[in-house]
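Only one structure is covered here, and it is reproduced in the block below.
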Amino acid sequence: MATKVIEEMTRPVFDVNVLRQDFPILTEEVYGKPFTYLDSAASAQKPRQVIEAISKVYSTEYSNVHRGVHYMSQKTTDAMEEAREKIRSFVNASSIREIIFVRGATEGINLVASSWGRRNLSAGDEIILTMLEHHSNIVPWQLMAEEVGASLKVVPIDRDGVLDIDTYSNLLSDKTKFVAVTHVSNALGTILPVTELIRLAHERGAKVLVDGCQAAPHMKIDVRSLDADFYVLSGHKIYGPSGIGILYGKEKLLEAMPPYQGGEEMIDVVTFDKTTYADLPFKFEAGTPHIAGAIGMGAAVNYITAVGLENIAAHENDLLKYGTNKLKGIDSLEIVGQAPEKAAILSFNLTGVHPHDVGTILDREGIAVRTGHHCAQPVMDYFDIASTVRASLGLYNNRSDIDALVAALERVKEIFG
Amino acid sequence: MSSSLKNLYQDIILDHSRNPKNFGLLEEYDRKANGTNPLCGDKVTIFLKLVGNVIGEAKFDARGCAISIASASMMTEMVKGKSIDQAKSLFEKFTSLVTGQCYKVNDLEELETLSGVRDFPTRIKCATLPWNAMVAAIEESDEEVKTE
């Protein structure tokens, strides 16, 4: 007994090399070299716990949900609703009625822009966005603004990639009806002070949507403490499957919003004269959902909760510091985005070498990074660049991955002289 | 370094990308077309000055990777003094070479060094973008050429 206690006490809280064994793909080879995955901000790899959960759905508990009277349908429904409850707890929402399954964050934003926007926005209203937004949190608002005659205001950033809060405060006015802001910049890694942004918006009576795609894998999300009106995140960024995500919305807001899409699952009674809609959350879930995706996302939430978001954050911060220092040691390398509050993203350029050429050479060394504008062209325009190389870290990355990156960047410099 | 990488980044290609020929704006031109790669935000503009049916001058302005700059540099060198039909024929040959449809084509001279790009499927569009823009310029297309 005593030995067991000691064993548990001495066991490392977070051992990246043990966790790596949960991710089968990390043992793959690429061009005969070990696979170094530094593109988790685009999509995270999946632990076997998630892969097995999805496999189990189709092997032992699959049927359509919420409809059948038969055993298997009930079993599937229970599994899916259990996933919803896990995700509710994960973001600390008050009720499962506030957790809407969507295809991903993009659909969640479109849902809010269309449903809330069409009901609440009118000509002359203003929507505030930040320069750090992903295209997914720009275009839906442009479409809605154009439709109703509202306009968009954009909060700028400084050269480090930090949001200009003073300008934000000045942009807020009685015309401001909505603020759509990312929690963490996907292109630069900047963590935005969303609690403060939300508080200031609420003082003006504006509602706020937070795009949590890049935040959820790295930090504990608490929608109630943030006081977010809407919060979206994608399953595939938190080590779960793609094609599934959630929209959190305050129950009162969701109740007052019209359905986004019509179909089955979202109705109560249908006649040709009138249709009454299902209660939340089903009002916004038309059609057969991505059942295995939802259950897989629940498994992913279980996984990162068990590993511990504090542990993940501490590990990634350590790695970010290590990587930042290593990259700074490379001549002619410029890190783009150096906010003091930053998630595990390293965006950079090598003077005189285009990011695509860097990406191609890294690829042949087995290293996967993202090159391009990262679906955030306004950020690139601000820095007057077309693109960057982005190395983004996940819980499974270790110092060897950074060392491999640095060695490969030296190869790039050799080739390009 | 892997042989395919060596083949992709040959000295001649790197030389063209560092010191591109015919780079810049052409003040007086007869034909002009823009090309973009929406995936990476790269841009190229091709300017042509015609003497009758012959390309008298060709220049390009671009923001792009080594492959696209080298391709535009070699292309503009190559098409100068060629007739429009010859330029279009070179376009066909170059496209079939870099997409791997043909492994041996005549008349491309140093442009053949870009054939290594066929081993890098995601990079083929980098090599072909300036060529597509040139054909759009020849055909006086008002639409911007896009890789996607």
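No hydrogens, no waters, no symmetry mates; every other heavy atom, side chains included, goes into these values. So that the names make sense, note that chain A is the first sequence line, chain B the second, and so on, each numbered from 1. The structure presented is a predicted model; accordingly, all values stated were derived computationally and were not measured.
Going from atom CZ of A/R364 over to atom NZ of B/K6 covers 14.0 Å, rounded to the nearest 0.5 Å.
In this structure, chain A has a heavy atom under 4.5 Å from the side chain of B/L8, while its backbone stays farther away. With a 4.5 Å cut-off on non-hydrogen atoms, A/Y31 does not touch chain B at all. Looking at B/S4, only its side chain comes within 4.5 Å of chain A, counting heavy atoms on both sides.
Between A/D357 and B/Y9, some side-chain heavy-atom pair lies under the 4.5 Å cut-off. Between A/I415 and B/L14, the closest side-chain pair of non-hydrogen atoms falls below 4.5 Å.
Atom OH of B/Y29 has 12 or fewer heavy atoms from other residues, nucleotides or ligands within 6.0 Å. Heavy atoms of other residues, nucleotides or ligands lying less than 6.0 angstrom from CD of A/E334 number 12 at most. Counted within 6.0 Å of CD on A/E146, heavy atoms from surrounding residues, nucleotides or ligands total 12 or fewer; the atom is thus considered open. A 6.0 Å sphere centred on CD of A/E414 holds more than 12 heavy atoms belonging to other residues, nucleotides or ligands. Atom CZ of A/R20 has more than 12 heavy atoms from other residues, nucleotides or ligands within 6.0 Å.
With hydrogens and angles disregarded, no donor-acceptor distance shorter than 3.5 Å links the side chain of A/H356 to the backbone of B/A66.
When each of B/K43, B/R63, B/R18, B/R123 is checked for heavy-atom pairs under 4.5 Å with chain A, B/R123 comes out on top.
Counting only N and O atoms by type, the side chains of A/H354 and B/D42 include a donor and acceptor under 3.5 Å apart.
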